[in-house]
Each structure stands twice: as C-alpha cells, then as structure tokens.
Amino acid sequence: MVFPFIIAAPRFLSGAIQLGELMQIASAFDRVQGSLSWLVDNYADLAAWRATTERLSGFEASLADPSGAVGLQPEPAARLSARDLSVALPDGRPLLTRATLSVTVGQTVLISGPSGAGKSTLLRALAGIWPWAQGSVHLPRDAMFIPQKPYFPDGPLRDALAYPERASRYGEAELRRALFEAELPALCQRLDEAGAWNARLSGGEQQRLAIARVLLKRPAWVFADEATSALDSRTEDLLYQRLRDIVRGRGALVSIAHKSSLERFHATRWRLDPQQAQIRAESMEAATAA
Ligand code: ATP
C-alpha cells in the first residue's frame, strides 16, 4: 500500500494532483496488484484442486479398466458353493488352487490352518472383495461377514450398531436386545452417545459390538473370522451358541478360529494347506478320532 503513495507523493506535494487523485491512484494500484497476484494467492487452492481431480480421475479410470483385477462376483443362490476357486496374493503366489467347496443349510464349518495360510483371504474371495480370485462362487443373499477387525463409524452408538444400515430402521427395543444378547448390557443406556467407537472400545467390546450387529440383523448365513478371539471363554461360548441359534434351520455358520474350544460348535472342518495351496474338508468326528 505504501508504494503508490511514494511514487505519487512528489506530484501531490508540488500541487500537480489533489488528495482525491492521490487516493484514486492508490486504489487503482491496489486493484491492479490484486489482479496480478491472483495466481500467487490461489496457488495452494489450485494445487489441492488438482490433487483431488487427479485422485478422482485415477479412481474412475481404474473402475472402468476392464483389464483391472476385480475378482469374481458371487452369484446369489440358496447355498454356498465354489467351483474351480483359485485365490492368490497380489504378487501371484497361490493360496488356493482350483478348489471346490460347498456348504448347505444346517452345516457348521470351521476353517483352520496355520496363521497366514489364507483363511481370511478365502472368506474375502467368497464375499467377492478379493481382486486376485478366479472361479465361480454362489453365495446366499442373506449372509453377513464378521471381520477380524470390525469397523464402526464415528458417531452415535446406535449408528455404529446398525451400520451400514440406518439405526432408524430398528426399534429401540431391538437395538437394546441386540446389545444385551451380545453381553454388552452396559451399552444399552448409551445408544445416543457419540464417539469414536473403534478407538474407545476395548478389543473384546468391539468384537461383542460386531456380534451385536449380527444378532440385530439376524442373517441366515454367518461368516465369522476370529470373531471372538479377544473374549473370555464363557462369553465366547454364550455368543457362539447365539450365533448358531440364529442360523439354525435357515442357513449355516462358517467360522475361522484357532481356539480348539470352538470346535464343538462345528461339524465340519476345512483344513487349509498353504504348501499345497489346497483345502480339505473333513468331518469333525473323524478329525477328533484321528
Ligand atoms: P491369521 O490366522 O493370522 O489371521 P490367515 O490364514 O487368515 O491368517 P490371511 O489374512 O488370509 O491369513 O493372509 C494370507 C496371506 O495373505 C498373508 O501372508 C498375508 O500377508 C497376505 N495378505 C493378506 N492381505 C493382503 C494384502 N492386502 N496385500 C498383500 N498381501 C496380503
């Protein structure tokens, strides 16, 4: 602002221009300077805008790319079946080669195998969310997956419980009953409390809240990936009985678990062999006898 006054001051002091003209010069200078500085002033916004559009256009391109790995799309069916199912890691290492799997209504399956064998990845492939899978999969529509690490959106507890649906779909009594049945009675009074539940709840509480979600929605098919690994054995037993009860006669329960205490809730075992990239089904009684 000082610069135009310094430049115009001699003419003002000599009486060549009036004070009003001096002010006009200063104001005109200000506008020219503002216009010329537009790029400098907006540089940060422009950089952020460019980064955002690049991210979005990259996202759009990868969605449209037919050669991109999208994995297999499970088709709806009355039971779970997979034919010629091959699952690999992103680097191409096979986890499972041309497997045939089938689960009918009333079955209870325990997937076992060493840590890192690909048990969770197999469930992801069956759910259609693992891009490096091939083959054909049929999956019942009314299925829910309980992941090893459940996700809860920040906000009111009722939304975290009903996610991804709206909590308003469920009545107050239903939401409370689900928490109660999942051995979380202390949370029944806190449905309206907002928080970052993934950070605030203990590992075991998060697992119980994820199971409460399943008990709320009552799917016919439940896929549980280490869903009770952080719970004490009494609570684990109770919750497994409830999970088994809600699928009974309607669907099936497929679990991944390391704990042998959960074997009694399952009649069939799928043993994943990472060396051979194969999976073997055996009845639990036979496995116990062996
Ligand atoms: P655990 O019993 O320890 O849970 P798991 O049998 O369920 O193990 P997975 O989680 O299926 O094992 O992982 C199988 C292999 O795939 C592991 O070696 C893991 O590092 C690898 N893996 C999993 N997810 C990815 C990913 N997104 N990118 C690359 N590798 C992955």
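Values in this document were obtained by computation on a predicted structure and should not be read as measured data. Note that ligands are numbered from 1 as they come in the structure, with each ligand's atoms numbered from 1 the same way. Throughout, numbering of the chain's residues begins at 1 and tracks the sequence.
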Check: Ion pair present between E282 and R280, side-chain N to carboxylate O less than 4.0 angstrom?
Finding: yes
Margin query: Considering E226, H258, K119, Q148 one by one, which has a heavy atom nearer to atom 4 (O) of ligand 1 than any of the others?
Written below: Q148
Notebook entry, point to check: Applying a 4.0 Å heavy-atom criterion (strictly less than), which segment of P90 is in contact with ligand 1: side chain, backbone, both, or neither?
Noted result: side chain
Checklist line | Exceeds 12 heavy-atom contacts within 6.0 angstrom, atom CZ of F5 | finding: yes
Item checked: Mode of W132 contact toward ligand 1 - side chain, backbone, both, neither (heavy atoms, under 4.0 Å) -> neither
Check: With a 4.0 Å cut-off, strictly under, does atom 20 (O) of ligand 1 pick up any protein heavy atom?
Finding: no
Notebook entry, point to check: Salt bridge between E205 and R200, side-chain N to carboxylate O under 4.0 Å?
Noted result: no
Notebook entry, point to check: Would you call E21-R11 a salt bridge at under 4.0 Å N-O?
Noted result: no
Notebook entry, point to check: With ILVMFWY side chains joined below 4.5 Å, transitively, what does Y240's cluster contain besides itself?
Noted result: M144, I146, I211, V214, L215, V222, L231, L239, L243, I246, V247, L253, L262, F265
Check: Going by the order shown, which atoms of ligand 1 are within less than 4.0 Å of some heavy atom of T121?
Finding: 9 (P), 11 (O), 13 (O), 14 (C)
Next item on the list: Measure the CZ-CZ distance between R218 and R250 for me, rounded to the nearest 0.5 Å.
Entry: 7.0 Å
Checklist line | atom 18 (O) of ligand 1 [closest protein heavy-atom partner, distance rounded to 0.1 Å] | finding: G116 O, 3.9 Å
Item checked: atom 3 (O) of ligand 1: nearest protein contact (heavy atom, Å) -> S115 OG, 2.6 Å
Notebook entry, point to check: Should the pair K119-E226 be classified as a salt bridge under the 4.0 Å nitrogen-to-oxygen rule?
Noted result: no
Item checked: atom 24 (N) of ligand 1: nearest protein contact (heavy atom, Å) -> W130 CH2, 3.7 Å
Margin query: I'd like to know whether ligand 1 has G113 as a neighbour, heavy-atom separation below 4.0 Å.
Written below: no
Note to self: Need the ligand 1 atom indices (1-based, order shown) with element for anything under 4.0 Å from a heavy-atom of L89.
What the structure shows: 15 (C), 16 (O), 21 (C), 22 (N)
